[in-house]
Amino acid sequence: MRKIIVGSRRSQLAMTQTKWVIDQLKKAGAQNEFEIKEIVTKGDQIVDVQLSKVGGKGLFVKEIQQQMIAGDIDFAVHSMKDVPAELPEELFISCMPKRVDARDVLICENDYTLETLPEGAVIGTSSLRRGAQMLAARPDFEIQWIRGNIDTRLKKLETEKFNAILLAKAGLERMGWTDRVDFEALDADMMVPAVGQGVLAIESRKEDAEVTAILQLLHDDVTAKAATAERTFLKAIEGSCHVPVGGYATVDGDDVTLTGLIASVDGKEVLRVTKTSTDAVALGNDVADDLLGRGGREILASVNA
Ligand SMILES: NCc1[nH]cc(CCC(=O)O)c1CC(=O)O
């Protein structure tokens, strides 16, 4: 029986996700031996810089992809959110396990809530999307950049000037920390989640039929349909990580409903479009076209200028 080598970033979240996938594969009947190979990516080495300024999310996956193409690892578990729209020719997302809660959460100091946070409260986030939507709801807030893994950010809430921080609920859940911290889940209408948030994307080589078959054990079609709509949307607007962009799809029977969002960094302009279709790809493109036509193009141009 072939031993499967699984590449993983060294971060706590990445290792937890990778171990979870291996565990689930075994529970679903995979007989193989799995070995985790830790990979330290450029993205992991850079701290305290706003990520969009140093090359963006792709930093976390590029080196993993290179090792996969070279055959040094057989698959890797990514947060879908961190996977760029375009993959290398040799690779594909062969499995998306069932999505967890896609919403963002607000974690406040001193038992504050979104309602009771004082005027001018300092909110920590590393996401332009979260910052812009927060400012749209509460223009008096001050957004401050915060980086580091989830644990580091939670510590910074205690030790630094932040009154609250914003995180993905999925990260807290996967770490098993939903009991450790008090959080307020933000409605997806008020805070449109990031494309792919809450989804795990397992990447492998297209030609590796054996690994593809094993990973199918965990694949969830509903999740894949929603992720397809969201990622088609993201690709169609050619959104970079320099622009606040969100996309969130839900599936009900054959229907997919997608909300796309483009906002200015200061949250003064927020464009949102929601549409439903049975065709996830057509829907992603349709929502993108609509948003671009309604002023999204101008926002993107002004940020990229
Ligand atoms: N940007 C980092 C990142 N990448 C994936 C998650 C966890 C959420 C997910 O899997 O979608 C997080 C943490 C966060 O955004 O709070």
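Note that these values count all heavy atoms, side chains included, but never hydrogens, waters or copies made by symmetry. These figures come from a predicted structure and were not determined experimentally. First listed ligand is number 1; within each ligand, the first listed atom is number 1.
Ionic pairing of Arg180 and Asp151 is present here: one or more N-O contacts between side-chain nitrogen and carboxylate oxygen are shorter than 4.0 angstrom.
Near Gly171, the atoms of ligand 1 lying under 4.0 angstrom from a non-hydrogen atom of the residue are 7 (C), 8 (C). Interface atoms of ligand 1 facing Asp82, defined by a heavy-atom separation under 4.0 Å, are 4 (N). When each atom of ligand 1 is checked for a heavy atom of Arg130 under 4.0 Å away, the hits are 14 (C), 15 (O), 16 (O). Of all atoms in ligand 1, numbered sequentially from 1 with element shown, those under 4.0 Å from a heavy atom of Ala170 are 8 (C), 9 (C). The Leu167 neighbourhood of ligand 1 comprises atoms 16 (O), with distances under 4.0 Å to a heavy atom of that residue. Those atoms of ligand 1 that come under 4.0 Å of a heavy atom in Ala168, given as number and element, are 8 (C), 14 (C), 15 (O), 16 (O).
With hydrogens and angles ignored, the 3.5 Å screen pairs no side-chain donor or acceptor of Arg9 with any backbone N or O of His78.
Under a 4.0 angstrom heavy-atom cut-off, Met175 registers as lying outside contact with ligand 1. Within the structure, the closest approach of Leu13 to ligand 1 falls below 4.0 Å when heavy atoms are considered. Residue contacts with ligand 1 leave out Met80, since none of its heavy atoms falls under 4.0 Å from the ligand.
Here the CD1 atom belonging to Ile107 is positioned 12.5 Å from the CD atom belonging to Glu109, to the nearest 0.5 angstrom.
Heavy-atom proximity to atom 15 (O) of ligand 1, evaluated over Arg147, Arg153, Lys169, Lys81, is greatest for Lys81.
A donor and an acceptor atom, one from each side chain of Lys37 and Gln67, are located under 3.5 Å apart. Remark: the Ser264 side chain and the Asp266 side chain contain an N/O donor-acceptor pair separated by less than 3.5 Å.
Hydrophobic clustering of Ile, Leu, Val, Met, Phe, Trp and Tyr side chains at less than 4.5 Å, counting indirect connections, keeps Val281 apart from Tyr248. Linking Ile, Leu, Val, Met, Phe, Trp and Tyr residues whenever their side-chain heavy atoms come within less than 4.5 Å leaves Leu13 and Ile64 in two separate clusters.
For Gly198, a nitrogen or oxygen atom sits less than 3.5 Å from a nitrogen or oxygen atom of ligand 1, counting backbone and side chain alike.
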Step-by-step side chain to side chain contact (heavy atoms under 4.5 Å, CB included) determination, Thr276 to Val256: CA-CA 5 Å; Thr276 299; Val256 191; over 6 Å; no
